[in-house]
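I have a structure here, written as structure tokens, and I will follow up with some questions on it.
So you know, we letter chains A, B, ... as the sequences are listed, proteins then strands, and number each from 1.
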Amino acid sequence: MQPNPTRFWNPYLAGAALGLVLLSSYVVMGKGLGASGASFRLGVAAVEAVAPGHVAVAPGLRGVAEDGSPLDDWLVFEVLGAALGGLVGAYTAGRLSREALRGPRVSSAARLGLALLGGVIMGFAAKLARGCTSGQALSGGALLSAGSWAFMFSVFAGGYAVAWFVRREWR
Amino acid sequence: MTLFPFEWLAGAGREVGLVVAVAIGFGFGFVLERAGFGRAQKLVAQFYGDDLTVFKVMFGAIVTAMLGAVVLSGLGLMDLRAVSDSATSATYLWPMIAGGLLLGVGFIVSGYCPGTSLVAAASGKLDGLATVGGVIAGTLLYGELLSVAPFAAFTESGALGHLYLYDLLHLPPAAVALLVALMAMGCFVGAEKLERIFGGEAAPQAAPRRLVFAGFAAAAAAGLATLALPAAAAHTPAPARLSPGALAQRVLDAPWKVRVLDVRPFASCAAARVPGAECAPPEKLKDLYLADVSPARDVVVVGEGTADPLPAEILAYRGAVLVLEGGFAAWKAYALTPVAPPAPGAGAAELESYRARAGLAAALTGVQQAPPPPPAADGAAPVKRKAGGGGCSG
């Protein structure tokens with residue numbers, strides 16, 4: 001198969017497909033999709049492995065470690081599946097390659113640093129908002145949760161507010 | 001009736017549930033990748049105005065899932081509110097707005113959101129991997145910061161409980177779904193205009209858009225049509241009965257979990273009522289807005305006798321509704337009437353029930369009861385002490 005890195009599904013069909021995945025999650029599991037919750041559980045598991053005593057005394061961390069392993073949760077398995085799905089999707093479309101995606105005016109190292117920094121901000125923000133774009137905006141938004149809609153508009157507002165300042169990273 | 005037993009998948013069928021979780025996640029990751037969401041440039045283009053794919057995919061997914069959920073609920077195949085309460089978090093307005101703004105900043109800096117960074121990492125993108133690591137660190141940072149009291153207080157601010165747009169608008173969910181679908185389709189057309197202005201791109205193929213729009217319109221219409229189904233589809237089970245003893249226990253043990261409504265005429269209620277009860281004679285019920293208030297507490301209805309049938313205002317309550325068996329008369333006989341002490345040598349269960357009732361009657365009427373008879377001679381103490389003493393000495 002020829003590598004075809006920029007040909008994607010039609011956005012409306014992709015949206016409908018994503019919506020059907022989400023709907024099946026509601027109907028079968030009674031839950032929505034998520035991502036950042038699993039990251040937190042992974043992090044707590046890592047902390048537990050490095051500093052076993054710490055999780056028990058940190059009020060913000062011990063909640064997910066109380067009944068057994070923090071990794072024993074549906075979200076962790078769902079995210080494992082998402083990584084597999086991403087891998088298969090990229091492989092079959094010829095997009096599986098080891099590289100750092102960046103704009104023409106930024107070095108690889110700077111791009112990786114910014115990616116890490118943005119990740120830290122998002123991890124913090126997702127915990128604060130009780131969910132990220134997947135768990136809060138998508139899953140809550142489709143069930144018409146008022147907080148999810150407030151969150152979703154705030155995400156777009158935050159992105160547009162700083163896009164101009166970081167344009168050198170992308171354009 | 002629901003299509004799938006998700007209680008079973010979370011309980012006894014947990015292993016099957018986790019396999020289903022991997023399968024659903026696989027679909028999620030695969031579709032995100034195929035939409036182009038494993039590539040940072042595709043995602044951030046949203047914020048530079050020339051490619052609004054993120055917006056289209058996201059709102060397309062929201063509208064699809066929303067219409068699906070509304071139609072399935074309208075047909076009685078899914079309980080919209082039960083699924084919503086389990087699949088969404090309660091609304092905490094201020095931390096959600098602050099978190100959204102911050103997440104938007106993190107999105108444009110990292111080029112991903114937490115879910116898409118995972119897909120990017122899985123397809124070999126090193127920046128995606130760096131973002132995944134950053135997200136984990138960020139969530140841990142938040143967990144540590146919860147030890148700081150003012151921050152922890154902020155994270156709980158603006159608490160509105162489980163709040164949905166259809167509650168705010170006082171419309172049926174199907175009507176709100178139609179409005180959202182119309183708004184989304186209007187925005188999609190507008191988004192394509194913007195793309196042409198900023199990106200100068202040729203108009204994308206119109207056929208898939210027409211197909212998806214037609215699907216939305218059909219589903220929205222089907223959702224509205226289910227409103228016309230006979231209300232019998234949404235059968236209301238008979239409210240559970242509660243014995244006076246069980247009510248006494250709930251009122252004394254956890255009064256914050258129950259809301260006792262006394263529906264007798266106001267004069268009777270004002271004279272004597274269950275502790276903590278609100279006087280809610282029929283003409284006052286509509287002022288309580290039971291359909292709109294938080295369903296967190298269980299409502300217990302106290303009538304002259306067993307209140308049946310229940311007034312519509314109470315049936316509209318979204319939480320659990322229980323009816324006091326026998327009404328206030330039964331409560332009076334149970335809780336406000338002195339009890340005869342059991343005969344010496346009575347069983348442990350009988351003694352325990354006497355203690356509870358005597359304590360209750362004493363507390364509510366101010367009349368001291370006779371102490372229970374001494375334990376039987378064979379030394380079968382009615383209250384067992386834990387072996388080895390309490391937690392401190394043990």
Could you tell me which portion of B/Leu129 (side chain, backbone, both or neither) has an atom closer than 4.5 angstrom to a non-hydrogen atom of chain A?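 No part of B/Leu129 comes within 4.5 Å of chain A.
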In terms of heavy-atom pairs under 4.5 Å with chain B, which of A/Ala35, A/Ser36, A/Ala82, A/Ala100 leads?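 Looking at each option in turn, the highest pair count goes to A/Ala82.
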Would you check if B/Ile108 and B/Tyr48 make a side-chain contact, meaning some heavy-atom pair closer than 4.5 Å?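 In short, these two side chains touch, coming nearer than 4.5 Å.
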With a 4.5 angstrom heavy-atom cut-off, which part of A/Arg167 approaches chain B: side chain, backbone, both or neither?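 Interface part for A/Arg167: both.
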Can you tell me which of B/Val22, B/Leu211, B/Val119, B/Thr91 forms the most heavy-atom pairs within a distance under 4.5 Å of chain A?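 Going by pairs under 4.5 Å, I would pick B/Val22.
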If you count heavy-atom pairs under 4.5 Å between each of B/Gly29, B/Ala69, B/Gly49 and chain A, which one has the most?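 The residue among B/Gly29, B/Ala69, B/Gly49 with the greatest pair count is B/Gly29.
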To the nearest 0.5 Å, what is the distance between NE2 (B/His162) and OG (B/Ser89)?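 It is 7.0 Å, given to the nearest 0.5 Å.
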Just so I understand: if I count every heavy-atom pair under 4.5 Å between each of A/Val44, A/Leu138, A/Leu80, A/Leu42 and chain B, which residue has the most?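 Between A/Val44, A/Leu138, A/Leu80, A/Leu42, the count favours A/Leu138.
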Closest heavy-atom pair and its distance - B/Gly124, A/Leu96: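 The pair with the smallest heavy-atom distance is N-CD1, 4.3 Å.
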Are B/Arg209 and B/Glu192 close enough for a salt bridge, meaning some N to O gap below 4.0 Å?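 Yes, this pair counts.
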Please work out which of the three classes, parallel, tilted or perpendicular, describes the rings of A/Tyr12 and B/Phe213, given edges at 30° and 60°.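 The arrangement is perpendicular - the two ring planes meet at more than 60°.
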Which atoms of B/Phe216 come close to chain A, meaning under 4.5 Å heavy atom to heavy atom: side chain ones, backbone ones, both, or neither?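 For B/Phe216, neither part sits under 4.5 Å from chain A.
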With a 4.5 angstrom heavy-atom cut-off, is it the side chain or the backbone of B/Ser84 that approaches chain A, or both, or neither?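 Contact with chain A: backbone and side chain both.
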As an exercise, state the distance from OG1 of B/Thr88 to CZ of A/Arg130, rounded to the nearest 0.5 Å.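 Separation between the atoms: 12.0 Å.
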Atom of B/Ala65, atom of A/Leu22 and distance for their closest heavy-atom approach: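 Nearest pair, atom of B/Ala65 first, then A/Leu22: CB-CD2, 3.7 Å.
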I need the residue from A/Val166, A/Leu13, A/Leu128 with the largest number of non-hydrogen atom pairs under 4.5 Å to chain B.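 Of the options given, most contacts go to A/Leu128.
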Which bit of B/Ala45 is near chain A, if near means a heavy-atom gap under 4.5 Å: side chain, backbone, both or neither?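 B/Ala45 touches chain A through backbone and side-chain heavy atoms alike.
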How long is the straight-line distance from CZ of A/Arg95 back to NZ of B/Lys125, given to the nearest 0.5 Å?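 Between B/Lys125 NZ and A/Arg95 CZ, I get 8.5 Å after rounding to 0.5 Å.
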Portion of B/Leu103 that has a non-hydrogen atom of chain A nearer than 4.5 angstrom: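 Both backbone and side chain.
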Under 4.5 Å from a heavy atom of chain A, the part of B/Ile97 involved: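 Contact with chain A is through both the backbone and side chain of B/Ile97.
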Measuring from A/Tyr91:OH to B/Glu33:CD, what's the distance to the nearest 0.5 Å?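 A/Tyr91 atom OH to B/Glu33 atom CD measures 13.5 Å (nearest 0.5 Å).
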Relative to chain B, which of A/Gly159, A/Ala157, A/Ala137 shows the most heavy atom pairs under 4.5 Å?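 Sorted descending by pairs with chain B, the first entry is A/Gly159.
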List the residues meeting ring pair (Phe, Tyr, Trp, His ring centres under 6.0 Å) with B/Tyr92, not counting sequence neighbours, and say none if there are none.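 Partners of B/Tyr92 under the ring pair (Phe, Tyr, Trp, His ring centres under 6.0 Å) test: none.
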Distance-minimising heavy-atom pair for B/Cys113 and A/Met122: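 Distance-wise, the nearest heavy atoms are CA-SD, 3.6 Å.
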For chain A, which of B/Leu146, B/Val180, B/Leu163 has the most heavy-atom pairs under 4.5 Å?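 Maximum pair count with chain A is reached by B/Leu163.
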Can you name the residues that form a side chain to side chain contact (heavy atoms under 4.5 Å, CB included) with B/Val57, not counting sequence neighbours?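 Applying side chain to side chain contact (heavy atoms under 4.5 Å, CB included) to B/Val57 gives A/Pro11, A/Ala14, A/Leu18, B/Ala35, B/Phe37, B/Thr53.
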Counting only heavy atoms closer than 4.5 Å, note whether A/Trp74 contacts chain B via side chain, backbone, both or neither.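 It is both, since atoms from each part get that close.
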Would you mind telling me which of A/Leu114, A/Ile121, A/Val155, A/Val162 has the largest number of heavy-atom pairs within less than 4.5 Å of chain B?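 Ranked by heavy-atom pairs under 4.5 Å with chain B, first place is A/Val155.
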Among A/Gly103, A/Gly60, A/Gly119, which residue forms the greatest number of heavy-atom pairs with chain B at distances under 4.5 Å?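 The candidate making the most pairs under 4.5 Å is A/Gly119.
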Output the option from B/Gly133, B/Gly111, B/Gly38, B/Ala137 having the highest count of non-hydrogen pairs under 4.5 Å with chain A.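 Heavy-atom pairs under 4.5 Å are most numerous for B/Gly111.
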Could you tell me whether A/Glu169 and A/Arg102 have a side-chain N and a carboxylate O separated by less than 4.0 Å?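 No, this pair does not count.
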Neighbourhood of chain B inside residues 52-59 of chain A, taking heavy atoms under 4.5 Å as contact: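 So the qualifying residues are A/His54, A/Ala58, A/Pro59.
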Of the backbone (N, CA, C, O) and the side chain (C-beta and beyond), which part of A/Ala38 lies under 4.5 Å from a heavy atom of chain B, both, or neither?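 Neither part, no heavy atoms under 4.5 Å.
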Region of A/Leu33 that comes under 4.5 Å of a non-hydrogen atom in chain B: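 It is the side chain, since no backbone atom gets that close.
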Structural part of A/Glu99 lying under 4.5 Å from a heavy atom of chain B: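 For A/Glu99, the contact with chain B is made by backbone and side chain together.
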Heavy-atom proximity to chain A below 4.5 Å, by part of B/Arg81: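 No part of B/Arg81 comes within 4.5 Å of chain A.
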Suppose we screen for salt bridge (Lys or Arg N to Asp or Glu O under 4.0 Å). Which residues come up paired with B/Glu144, at least two apart in sequence or across chains?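 Once residues adjacent in sequence are excluded, B/Glu144 has no partner under the salt bridge (Lys or Arg N to Asp or Glu O under 4.0 Å) criterion.
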Among the options B/Tyr164, B/Phe30, B/Phe151, B/Phe47, pick out the one with the most heavy-atom pairs lying under 4.5 Å from chain A.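 Heavy-atom pair counts peak at B/Phe47.
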Name the region of B/Leu67, side chain, backbone, both or neither, that has any atom closer than 4.5 Å to a heavy atom of chain A.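 For B/Leu67, no heavy atom lies under 4.5 Å from chain A.
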Please report the shortest heavy-atom distance between A/Arg105 and A/Arg171, naming the atom on each side.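 Minimum heavy-atom separation between A/Arg105 and A/Arg171: NE-O, 2.9 Å.
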Any sub-3.5 Å donor-acceptor pair from A/Gln136's side-chain atoms to A/Ala129's backbone N or O?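 Confirmed, A/Gln136 side chain pairs with A/Ala129 backbone.
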Any heavy-atom pair between the side chains of B/Met58 and B/Gln46 that's under 4.5 Å?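 Contact flag for B/Gln46/B/Met58 side chains = no.
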Which atoms of B/Leu160 approach chain A - backbone, side chain, both or neither, heavy atom under 4.5 Å: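 It is neither, since no heavy atom gets under 4.5 Å.
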Mind listing the closest non-hydrogen atom pair of A/Cys132 and B/Pro114 along with its distance?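 Scanning both residues completely, I find the closest heavy atoms to be CB-CG, 3.6 Å.
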Most chain A-contacting option - heavy-atom pairs closer than 4.5 Å, from B/Gly36, B/Gly60, B/Gly143, B/Pro95: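 Winner by heavy-atom pair count: B/Pro95.
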What pair of heavy atoms forms the shortest contact from A/Trp170 to A/Leu101, and how long is it?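 What the structure gives for the nearest pair is CZ3-O, 4.5 Å.
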At a heavy-atom separation under 4.5 Å, does A/Val76 approach chain B through its side chain, its backbone, both, or neither?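 Contact with chain B is absent: no heavy atom of A/Val76 under 4.5 Å.
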